[in-house]
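Chain A is the first sequence line, chain B the second, and so forth, proteins listed ahead of strands; every chain is numbered from 1.
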Amino acid sequence: MLRPGTYLINEDSLREKFLGFEVGLCDSQWPLLEQEIAQSKRQSVQAFSNFSSKLLIIPALIIVASVILYFNFSKIFKSQQASNTENVSLPIQNTVQTQPKPNPPVVNSIAVYNQKAKTDSIAKAKELEEKLKKEKADEEARIASEKAKAALNDSLAVLRDTSNVSHDTPKKKKKKRKKRKSFESIENLRSGAFESSNNGDDVVVPN
Amino acid sequence: MAEQEIISHSSRGDKKAQRELYDLYYGKMMGICLRYAKNEEQAKEMFRYAFVQMLQKLSYYRNDQAFDKWMRDCMIESAVKFLKDKKTEYYIATTVRADVKQAVDLFHQAPVDDPNNLDIKGYVRALQELPPSFRTVFNMCVIDGWSTEKAADTLDISEETGRFNLEKARYAFSKNIQMQQKGY
């Protein structure tokens, strides 16, 4: 083991000796030293330029990122504003992705045929229904017209009956009777004249 | 140019002032580097590295502190950083030396002779022969007068490890001196 004191060196005198220890000037060292100083200067300048370039990259990246974010947010803000004014929720353009189109369905001929038949039968049924309706309407119209005719005839008959009933005064009745008699006589004359003319007799017809 | 002017001009990148600063403090700074490095070659490399580091930190220097002391602390920190950058050398060398059984046996040997008889180069050599982790903690705590807590904090180790390394370094240093005295 180490045991202090097993060796004796006067450390104080040793220190004094070494504190005053110097060597003579050596000029041959200076050119080498000068080169090393210049090299260290270059290295420090290069290190600083590297550091500054790295430092410049960070704010540049921040600026680019902020610009991108600004544009994105402005788009979102505008779309939100539009949706608020129109009261219609519009999708955000950037965030909504175009959904893939669904694949076309496999054509099933039987299903298509069934579908076609169904539509055809429905159309035919509709046509028949319309025809029936038309016929019914025509029938109803005919019946109604007949009824109307019958009613008209009845009414005419009634009117005829009623026209025979006179509401005239006796004087007028007498006049009318006279007129009728004269008319009838004229008629009789006419008929006689006609008969006579037919017999070859000239008959003078009063104006 | 006065010292303050040299310092202020050097911090602004004035080459003339930097050269003057180099001329003024090369001796002291190189002395520190020689203690912390394993040889003269590494000390020169360490000095260049530490000087560049010091120039970069020069703008943080305040006048209320003695420049000499500030520069010393700055050089020590740079030296430790330089050694720690050479990780393989720093950690492997320490591990290899710790495994040597002979180093443990040396604790039970007789105390070394008075080392004051040795010249400064002998001390520097004895220091440079220490493993990097022992060398740094010995330099920091014994020669530069740092506390073990501060040294451990600078070296990123626990205080106990720092103390343990310091004791080991003390013994290894005395042993190196003993070996030098014996003419090895």
Report, in residue-number order, which members of residues 3-11 of chain B are under 4.5 Å from chain A by heavy-atom distance. none
Please check if the number of heavy atoms outside E40(B) that lie under 6.0 Å from its CD is greater than 12. no
Which value, rounded to the nearest 0.5 Å, describes the distance between F51(B) atom CZ and L32(A) atom CG? 13.5 Å
Below 4.5 Å from any heavy atom of chain B, which atoms of E34(A) appear? Answer side chain, backbone, both or neither. side chain
Whether over 12 other heavy atoms sit under 6.0 Å from E146(A) CD: yes
Under 4.5 Å from any heavy atom of chain A - which part of Y25(B): neither
Quick one: which of L127(B), V142(B), N139(B), D144(B) gives a side-chain contact (heavy atoms from CB on, under 4.5 Å) with F18(A)? L127(B)
Q29(A) side, atom CD; Y26(B) side, atom OH - distance, nearest 0.5 Å: 4.5 Å
Interatomic spacing from CD in E45(B) to CD in E36(A) - rounded to 0.5 Å: 8.0 Å
Quick one: which of M30(B), K28(B), R19(B) has the most heavy-atom pairs under 4.5 Å with chain A, could you say? R19(B)
So NZ of K44(B) and CG of L33(A): to nearest 0.5 Å the spacing works out to 13.0 Å
For the residue pair R15(A) and C141(B), what are the closest heavy atoms and their distance? NH2-O, 4.5 Å
Distance from K41(A) atom NZ to L55(B) atom CG, nearest 0.5 Å? 9.5 Å
Which heavy atom of V23(A) sits nearest a heavy atom of G31(B), and at what distance? CG2-N, 4.4 Å
Quick one: closest heavy-atom pair of L19(A) and I143(B), and the distance? CD2-O, 4.4 Å
In terms of heavy-atom contacts, W30(A) and Y22(B) come closest through N-OH, 3.4 Å
Can R35(B) be said to sit on top of F21(A)'s aromatic six-ring, NZ or CZ under 6.0 Å from centre and within 45° of the ring axis? no
Please classify the contact between Q56(B) and chain A as side chain, backbone, both or neither, with a heavy-atom cut-off of under 4.5 Å. side chain
